[in-house]
Amino acid sequence: MSKVIKEIKIRCRILITAAVLNILFIAQPAAADNYSKLKGSWQCSLGNESHQLIFKSSNLLTLNGEAYPCQIAPGVIYVQEEEGVISYFYALQGPKLIIANPDGSVSQCQRGKAKKPGKAQRKTAGLSNTQASSKSWPPPYVRPQGQIDENNPGDQALLYKFAGRWANVSTNTMTNIYLRPDGIYEDAYESSYSGTFNDQGGYQTGSWGAAGTEQSGGRWRVEGGLRSGRLILTDPSGSKNVYNYQVHIENGEVYWGEYYFNGALYSVKYIYR
């Protein structure tokens, strides 16, 4: 019996190894293709600051001479930093590379070499100057301690409050906004319409239906208090969509799981706990 079990284990290891190799060989061309579009040196600017970004390989980049492990996927670059793996959404627009940073700012990059930065610039420069700014948003995703001021709750309380799936449902449409604890958002819009065909006598001769979906993603952050404030969504091109939010109050009762985003009522359907 032990011999049979041993043989089964050996066969399982072979199958698992083969499966892993298949995944690697399938994934490598895609990774290589993404890298081929970005490889080389980029001169990037953010406000009055500039930095040099070089994609050395599909899993290594340098920023002002400092090396960072990375993984390049379609539309997003995963970078291993001190805080963990940080996601940077990007878009290629002709010769330009646009990178959406964790703090909502945007780096504009063009191919070419940059001057070697000074010591002061090396300390602050990131893909977006992010090694300082990414620490402010998103903050650590943990339950805030102590008494929370509704008007000035702080970033940690706001992240803990709003991270989740928020949905708005109307007669023919449904909009979901996924606000992830890592500062990334995804939204999905679905619409469906239907009706009937009638002849001249008013009798139904058939029916019709139509449906459509739209999806997007990027970075999000919240500014304000627990009752009202601004939800800011930044897509990979740098365009911002700002929602003014207001908690739902009816007959003096506050519904903390429901907010008006630009006048449309959203309710929380899922929270990251």
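- Looking at N251, its side chain never comes within 3.5 Å of a backbone N or O of E253 through a donor-acceptor pair.
- In this structure, R180 CZ and E186 CD are separated by 5.5 Å, a value rounded to the nearest 0.5 Å.
- Using a 4.5 Å heavy-atom threshold, the side chains of Q71 and N59 count as separate.
- Between V247 and L226, the shortest heavy-atom distance links the atoms CB-O, 4.4 Å.
- In this structure, a donor-acceptor pair under 3.5 Å is present between the side chains of E250 and H248.
- Heavy-atom neighbours of K240 NZ from other residues, nucleotides or ligands within 6.0 Å: above the threshold of 12.
- When side chains are defined from C-beta on, D182 does not count as touching Y141, because their heavy atoms never get closer than 4.5 Å.
- In terms of modelled atom types and a separation under 3.5 Å, the side chain of K161 and the main chain of W256 share a donor-acceptor contact.
- The backbone N or O of N244 lies less than 3.5 Å from a partner atom in the side chain of N262, making a donor-acceptor pair.
- Within the 4.5 Å cutoff, no side-chain heavy atoms of I99 are placed close to those of V106.
- Side chains of L179 and L233 form a contact here, defined as non-hydrogen atoms less than 4.5 Å apart.
- Annotation: F261 is in aromatic contact with Y266 [ring centroid separation under 6.0 Å].
- Shortest non-hydrogen contact noted between E258 and S267 is CG-CB, 3.9 Å.
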Under 3.5 Å, side-chain donor or acceptor atoms of residues 144-154 against the rest of the protein: list the pairs with distances, not counting sequence neighbours.
residue	atom	partner	partner atom	Å
Q145	NE2	R143	O	3.1
D149	OD1	N151	N	3.0
E150	OE1	R227	NE	2.6

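- L60 and I54 are assigned to two separate hydrophobic clusters, defined by single-linkage of ILVMFWY side chains at heavy-atom distances under 4.5 Å.
- Of the N and O atoms on the side chains of Q52 and S41, at least one donor lies less than 3.5 Å from an acceptor on the other residue.
- A heavy-atom distance below 4.5 Å is found between the side chains of L61 and L53.
- In the hydrophobic clustering of ILVMFWY residues, with side-chain heavy atoms under 4.5 Å counting as a link, V242 and L265 come out apart.
- When all heavy atoms of F89 and G218 are compared, the pair lying nearest together is CE1-O, 3.6 Å.
- Under the rule for a disulfide (SG to SG under 2.5 Å), C70 has no partner lying at least two apart in sequence or in another chain.
- Residue E223 holds its CD atom at 4.5 Å from CZ of R230, rounded to the nearest 0.5 Å.
- Remark: R165 pairs with no residue by the salt bridge (charged side-chain N to carboxylate O under 4.0 Å, His left out) rule, at least two apart or across chains.
- Atom CG of N241 sits about 8.5 Å away from atom CG of D187, to the nearest 0.5 Å.
- Scanning all heavy atoms of the two residues, the minimum distance from G217 to P236 falls at O-CD, 3.2 Å.
- Y255 and V268 end up in different hydrophobic clusters when Ile, Leu, Val, Met, Phe, Trp and Tyr side chains are linked at under 4.5 Å.
- The minimum heavy-atom distance linking L38 with W42 is given by the pair O-NE1, 2.7 Å.
- Between the side chain of W137 and the backbone N or O of W220, at least one donor-acceptor pair lies under 3.5 Å.
- Side-chain contact between Y68 and L63: present, with at least one pair of heavy atoms (C-beta onward) separated by less than 4.5 Å.
- Closest of all the heavy-atom pairs between S237 and I98 is O-CG2, 3.8 Å.
- The CZ atom of R221 sits 9.0 Å away from the OG1 atom of T234 when rounded to the nearest 0.5 Å.
- At a threshold of 4.5 Å between non-hydrogen side-chain atoms, the residues Y160 and L158 do not count as touching.
- The SG atom of C44 sits 4.5 Å away from the NE2 atom of H51 when rounded to the nearest 0.5 Å.
- When side chains are defined from C-beta on, N168 does not count as touching Y260, because their heavy atoms never get closer than 4.5 Å.
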Residue pair Y259, F162: steps toward the ring-ring contact (aromatic ring centres under 6.0 Å, His included) verdict: CA-CA 10 Å; Y259 281 82; F162 283 96; 5.0 Å; yes
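- Looking at N101 and S107, their side chains do bring a donor and an acceptor atom within 3.5 Å of each other.
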